[in-house]
Amino acid sequence: MASPSGGRRLSLLTLDAAEKEIAFLAQSGAPRSNAVWSWAQTLEHCAQSIEYSMSGYPQSRSSLFQRTVGSAALDFFAWRGRMTHDLSEPIPGAPSLTAPRRALTSTSHSSLPCSLPLH
């Protein structure tokens, strides 16, 4: 299924599904994107997101924010079945991405969402 950014929406819930996706990507050639971050940075950012979702984020929001806006956002993500966020925004308090940044090739780009299934 396509995502709002025009890409595929993946839900890799098993190792077998991940291995099939890796084989598909290997046969598809180099991925193309006009996102702000390189693919290496995108993967590093997603890895940070997963790690911090399990261990805690380096910079927490206030308890008022967490109880109001944060709670509403989590309810929305749960309703959708996945979380997404703009990849041009680093995780607050996280170390800088170490992969080299790629220059934009177009001024009319759309950011790819980082998507984590909520299961």
Side-chain angles (χ1 to χ4, degrees):
M1 170 182 260
S3 71
S5 64
R8 295 179 313 129
R9 188 168 128 190
L10 301 175
S11 183
L12 305 174
L13 301 178
T14 66
L15 184 56
D16 185 53
E19 289 173 340
K20 287 178 182 176
E21 181 61 22
I22 290 169
F24 171 78
L25 291 172
Q27 293 176 1
S28 299
R32 288 170 281 162
S33 170
N34 56 358
V36 174
W37 289 349
S38 69
W39 284 105
Q41 287 176 310
T42 299
L43 293 174
E44 187 176 353
H45 175 80
C46 286
Q48 284 180 338
S49 297
I50 293 167
E51 175 64 30
Y52 294 138
S53 73
M54 295 184 294
S55 66
Y57 289 86
Q59 184 178 333
S60 295
R61 302 284 187 166
S62 71
S63 59
L64 175 64
F65 181 92
Q66 290 177 22
R67 287 192 313 265
T68 57
V69 177
S71 179
L74 283 176
D75 288 346
F76 177 73
F77 292 145
W79 174 76
R80 285 182 49 202
R82 65 189 184 111
M83 295 176 68
T84 58
H85 62 274
D86 186 352
L87 280 181
S88 65
E89 294 293 325
I91 298 169
S96 297
L97 301 175
T98 57
R101 190 175 186 110
R102 181 184 71 195
L104 288 175
T105 57
S106 166
T107 56
S108 61
H109 74 285
S110 62
S111 297
L112 298 175
C114 178
S115 177
L116 303 173
L118 295 174
H119 297 286

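This chain uses plain numbering: 1 for the first residue, then up along the sequence.
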Cluster check Phe77, Trp79: I/L/V/M/F/W/Y, side chain < 4.5 angstrom: yes
Listed partners of Asp75 passing side-chain contact (heavy atoms from CB on, under 4.5 Å), at least two apart:
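Applying side-chain contact (heavy atoms from CB on, under 4.5 Å) to Asp75 gives Ser71.
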Requested in this report: Only counting residues at least two apart or in another chain, list the ones meeting side-chain contact (heavy atoms from CB on, under 4.5 Å) with Ser63.
Outcome: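 If we apply the side-chain contact (heavy atoms from CB on, under 4.5 Å) test to Ser63, skipping adjacent residues, the hits are Arg67.
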Shortest non-hydrogen separation from [X] to [Y] and the atoms involved:
X     : Y     : value
Ser60 : Gln66 : CB-NE2, 3.9 Å
Thr68 : Leu64 : OG1-O, 2.8 Å
Pro92 : Pro58 : O-CG, 3.5 Å
Trp37 : Glu89 : CH2-O, 3.8 Å

Applying ring-ring contact (aromatic ring centres under 6.0 Å, His included) to Tyr52 and not counting sequence neighbours gives Tyr57
Approximate separation, where rounding is to 0.5 Å, of [X] [atom1] and [Y] [atom2]:
X     : Y     : atom1 : atom2 : answer
Leu97 : Leu43 : CG    : CG    : 10.5 Å
Met54 : Ser49 : CE    : OG    : 11.0 Å
Lys20 : Leu25 : NZ    : CG    : 14.5 Å

Item to check | Under 3.5 Å donor-acceptor, Gln48 side chain and Pro95 backbone | outcome: yes
